[in-house]
Structures are given as C-alpha cells and as structure tokens.
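Heads up: the structure comes next, in structure tokens.
Keep in mind the model is a prediction, meaning the values are calculated, not measured.
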Amino acid sequence: MSTLTPGLRPSPVRPPVPAAPESRAARFRLSPADRDVLWLYLLTRISLWITAHFARWLFPAQSGVRETAPVLAPFQRWDANHYLHIARDGYFPAGTGPWTSGWDNREAFFPGYPLLLRAVHTVVPDWTAAGLLISLLAGAVAVLALARVARAYLPEEGAGHRTVVLFLLSPCAVFLAAGYTEALFLAFALPAWLAAMRHRWALAAVLTTLGTAVRVSGLFLAAAIGLLFLLSARAGGGRRTWRSAGWTLLPALPPAAYSWYLHAHTGDWMAWKHAQERGWYRTFHPPWEAWANTWTGAFGGTQSTGYAFMFQAELAAMLVGLALVALLVRRRRWPEAVYVALSLWALGTSYWYTSVPRATLLWWPLWIGLAALSLRRPWFRTAYLCVVAPVTTLVALTFLTGRWAG
C-alpha cells in the first residue's frame, strides 16, 4: 500500500488533500461504477442466502430430524438474539438486571442498533427479517462509501470495485448480512470518513455520532477524525477550519448519554464495560498475557477443536491488525493508524482475544491496501481468492449452522 491519496506523499504533518468540490446532486447520483458495486453486493447477498438455505437442510441442529428450521433461523444467532431481546423488552425488563441470577449482560451492547430494530419492527413484523433488512440496506450504503473512499485513495482504474470484492469475500463477511452491527456501523463510519477527507467536519461529526450510538468503535473513529482535523488545521486550514473544532466533540454524546442511563438504573457509570467483563472475559490484562492465554486456547489442548480453531483465527486476525498498523505508521498515515491501533488495544487487552476476526471488517485501510497490492501485482488477487474462498465458506457455514464460538 503505497501512497493512499492521489498527490499526497507520506508526511507526518500533511493531511489528505480534500476532493474537488461537487454539487449536492452529484454526491447522491449513482455512477456506473457505483451501480457495478451495488450489483456485486446483491450477488454476494444472494450467494449467502443460498448458503443459508442449504445449510438448514444439510446441517440440522440434531441428526435424524425430518423438518428444517425456519427460513430465517440461520441468521438469528448469538449477538442477534441480544439485540432482539433489547429491542423487544428493553435493557432492564420487569426490574431485572445485573443483580438477577442468570442475567445475560445485555447492557454490554450500545442502544443504536436495538432502537433502529424496534423502529423497523413496527413495519416489518418479524424481528429477524427486520434485522436482516437493516443489514441489507446498511451494507449497500457501506460498500458504496467504501468504493468511493478507495477511489479517493487509489488512482488506478477499478480501485473501488477491487476493494469491495476483497471486502465482500473476506472471511467474516457473513456478519455483514446477519442482524449484527457491523453493516450499520460502516454505513455511518465510511461516509463520515469520506466527509472528513473532504473537510466537511460538521457532516463527519454527525455521522460519527451515529456510529458511536451503535458501537464503542465509533469512539476510535472519532479519535481518528479528530487527529485528521488537527493535521488539516495545522497544515494551513485557517480560522474557518478552527471554528469547526467543536464538532469533533459531538461523537462523545451518545456514549455519555448511555452511561448516564445505565447509572440511573444500576448505579454504575461503566455498567456496559462491566457487563462485557462478566460475559466475555474482557477484564484488563496486559497484551502479552492476552496473547499467551489465546495461544493456550488455540494450541494448548485446553479447548475442543472447534473452539481451538476460533482462537487460532483470533491470533491470525491480531497479527494482520498489527501488520496493518505497522504499515500505516511506516506510511505516516497517522489517523488511520490511530483508528486501527485503538481497536487492537481494546480487543487485545482482555483475558483472551474475542471477535478480532469480525473487527477486520471495520478496518477499511486493510481492504484498500490489499486492493492496491492486487492492482500492482495481479497475481495477488488470484492468490487471495484461492486462499480466502474456502475460509469464507467455512466461517459462513459455521455461523449459519450454530457452531460459531467467537
């Protein structure tokens, strides 16, 4: 991944050059390249739905059954159930909470997605279908924005399409289709980054604020955009740029409001963090201890083979993330490095790693960098697809059949 923005040499101080101004109509008009990306997105959704359909027949939860699970059942797994329960019943139904035996620690999940799910449910009666519709539409916005960000970074023809191909065929792409938050978060985060690259700070702040309502990862995005703002102002943005500084604080409002809400019900300002610690072993441990514990889970014979494989995937994803941060630092892409590094710190300081492979979906510099490599070395695309295709298929089947562990 060489220069990531046309005309910009790696520099510790100069921010990305903003894109040329465009009319409001042009921003929302779909170009042929955009329509190509959406067609690719639709084809991959159809592929996943076909996989889910056959998974119901070939891999039932119990052997010998003569009836398949409901059509949408493969997508209603793990976190999707947490979001459904929050949207349907609230965070503390009938006075239950962390003080209740068998509590599901649902306050670990930020309220943005459950609120939207409840709103969509008023129109779509089936909860699972409502969640899938959110992910379907949000994913379309996300891939369009990803392609446009990639085209801003890479001058080569077809850069946006290539980036989206690598992204949609990535190992954990199934989570973009399920009732999870990845697609919705990216639908806010990627347009926010695109707006920040164009120095449209107010729009970037509003979109990032929506992202922080969905996931704590929004705070990492806010930090990266804040650094991008400072670099832009330092490079000669002038008084007008500095007047936009207040917008960079806006994304802190949803987490602050959510913490206030939880404190009002539990007396704990950090109830969401403590719920993660109780339910997902996210108590703080030094990075080397987290690595050692994950390594033991992967190769120490302490886990069943299925769980051991998941821990191996966690280790592999962590190595990819560390390599990405090192490359971004080498290229002096400081805002992007901050975004990925904060994500790695949050995921890499628990008892052991959890959900690092899923987090790769949120690292758009990774997919743009891989696209840049494949455009300059055509053999890489073939090698990538040959290696990733079976892994992506196996991860999708593992999730859709109820065997996913992390």
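Within the model, atoms OG1 of T96 and OH of Y91 stand 13.5 Å from one another, a figure rounded to the nearest 0.5 Å. Rounding to the nearest 0.5 Å gives a distance of 5.0 Å between CZ of R278 and CD of E107. Summarising the geometry, atom CD1 belonging to I368 is positioned 11.0 Å from atom CZ belonging to R151; distances are rounded to the nearest 0.5 Å. Atoms NE2 and OG1, from H53 and T68 in turn, are 8.0 Å apart once rounded to the nearest 0.5 Å. Atom-to-atom distance recorded for T51:OG1 and L58:CG is 10.5 Å, nearest 0.5 angstrom. Rounded to the nearest 0.5 Å, atoms OG1 (T209) and CG (L250) are 3.5 Å apart.
Of the N and O atoms on the side chains of Q276 and N105, not one donor lies less than 3.5 Å from an acceptor on the other residue. Judged purely by distance below 3.5 Å, without hydrogens or angles, the side chains of T294 and E314 never pair a donor atom with an acceptor atom.
Contact check for L322 versus L344: side-chain heavy atoms found under the 4.5 Å cut-off. Within the 4.5 Å cutoff, no side-chain heavy atoms of D268 are placed close to those of L262. Side-chain contact between Y153 and P365 is absent, with no heavy atoms from C-beta onward closer than 4.5 Å. Counting heavy atoms from C-beta on, the side chains of F167 and V143 come closer than 4.5 Å. Between R45 and L168, the closest side-chain pair of non-hydrogen atoms falls below 4.5 Å. Annotation: side chain of S374 is in contact with side chain of R162 (closest heavy-atom distance under 4.5 Å). Using a 4.5 Å cut-off on side-chain heavy atoms (C-beta onward), F188 and T208 make no contact. With contacts defined as side-chain heavy-atom distances shorter than 4.5 Å, the pair M310/T398 qualifies.
Other residues, nucleotides and ligands contribute over 12 non-hydrogen atoms within 6.0 Å of the OH atom of Y261. The local environment of CD in E289 is crowded, with over 12 non-hydrogen atoms from other residues, nucleotides or ligands closer than 6.0 Å. Crowding of W367 atom CH2: a count of heavy atoms from other residues, nucleotides or ligands under 6.0 Å exceeding 12. Environment of CH2 in W99: crowded, with over 12 heavy atoms of neighbouring residues, nucleotides or ligands closer than 6.0 Å. The number of heavy-atom neighbours closer than 6.0 Å to CZ of F284, taken from other residues, nucleotides and ligands shown, is above 12.
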Checking side chain to side chain contact (heavy atoms under 4.5 Å, CB included) for the pair L38/L144: CA distance, chi angles, key distance, verdict? CA-CA 7 Å; L38 287 178; L144 278 176; 3.8 Å; yes

In sequence, state the C-alpha distance, the side-chain angles, and the governing distance for H285 and N293, and then conclude on side-chain hydrogen bond (donor to acceptor under 3.5 Å, both in side chains). CA-CA 10 Å; H285 285 73; N293 293 334; 5.1 Å; no

Do R56 and V71 pass the side chain to side chain contact (heavy atoms under 4.5 Å, CB included) test, and can you show the C-alpha distance, the side-chain angles, and the key distance before you say yes or no? CA-CA 8 Å; R56 293 187 303 129; V71 174; 4.2 Å; yes

Show, in sequence, the C-alpha distance, side-chain angles and deciding distance for W364 and T163, and conclude whether the side chain to side chain contact (heavy atoms under 4.5 Å, CB included) test is met. CA-CA 9 Å; W364 67 85; T163 301; over 6 Å; no

Determine whether F299 and L315 satisfy the following criterion, side chain to side chain contact (heavy atoms under 4.5 Å, CB included), listing intermediate values before the conclusion. CA-CA 11 Å; F299 302 108; L315 292 170; 3.8 Å; yes

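S350 places no side-chain N or O within 3.5 Å of a backbone atom of Y353 that could act as its donor or acceptor partner. No donor-acceptor pair closer than 3.5 Å links the side chain of R106 to the backbone N or O of H82. Without hydrogens or angle criteria, E182 side chain to L176 main chain gives no donor-acceptor distance under 3.5 Å. Distance alone, capped at 3.5 Å, places no donor-acceptor pair between the S47 side chain and the L43 backbone. S135 places a side-chain N or O within donor-acceptor distance of the main-chain N or O of A178, the cut-off being under 3.5 Å. Checked by atom type and distance alone, the side chain of H85 pairs as donor or acceptor with a backbone atom of N81 at under 3.5 Å. With hydrogens and angles ignored, the 3.5 Å screen pairs no side-chain donor or acceptor of R282 with any backbone N or O of K273. Side-chain N or O atoms of R358 include none that pairs as donor or acceptor with a backbone N or O of C172 at under 3.5 Å. In this structure, D126 contributes its side chain and A129 its backbone to a donor-acceptor pair below 3.5 Å. For the pair R376 (side chain) and A372 (backbone), a donor-acceptor distance under 3.5 Å is present.
Ring pair Y258/W272: centre-to-centre distance not below 6.0 Å. A distance of 6.0 Å or more separates the ring centres of Y180 and W78.
At a threshold of 4.0 Å, the pair D34-R29 does not count as salt-bridged, since none of the basic side-chain nitrogens sits closer than that to a carboxylate oxygen.
Looking at every heavy atom in both residues, S170 comes nearest to L361 through OG-CD2, 3.5 Å. A222 approaches P251 most closely through the heavy-atom pair CB-CB, 3.8 Å. Summarising the geometry of T266 relative to A271, their closest heavy-atom pair is OG1-CB, 3.7 Å, with the distance given to 0.1 Å. Shown here for A204 and A196, the closest heavy-atom pair between the two residues is CB-N, 3.8 Å. Nearest heavy atoms, W57 versus P60: O-CD, 3.9 Å. Residues W334 and V329 share a closest heavy-atom pair of CZ3-CG1, 3.7 Å.
Between V216 and the options T212, V214, L219, a side chain to side chain contact (heavy atoms under 4.5 Å, CB included) holds for only L219. In summary, of the residues considered (F311, W295, W291), a ring pair (Phe, Tyr, Trp, His ring centres under 6.0 Å) with W352 occurs for F311 alone. Each of F110, W127, F109 was evaluated against Y83; a single residue qualifies, F109, per the ring pair (Phe, Tyr, Trp, His ring centres under 6.0 Å) test.
The aromatic rings of W201 and H199 sit parallel to each other, their planes meeting at less than 30°, with 60° as the upper class boundary.
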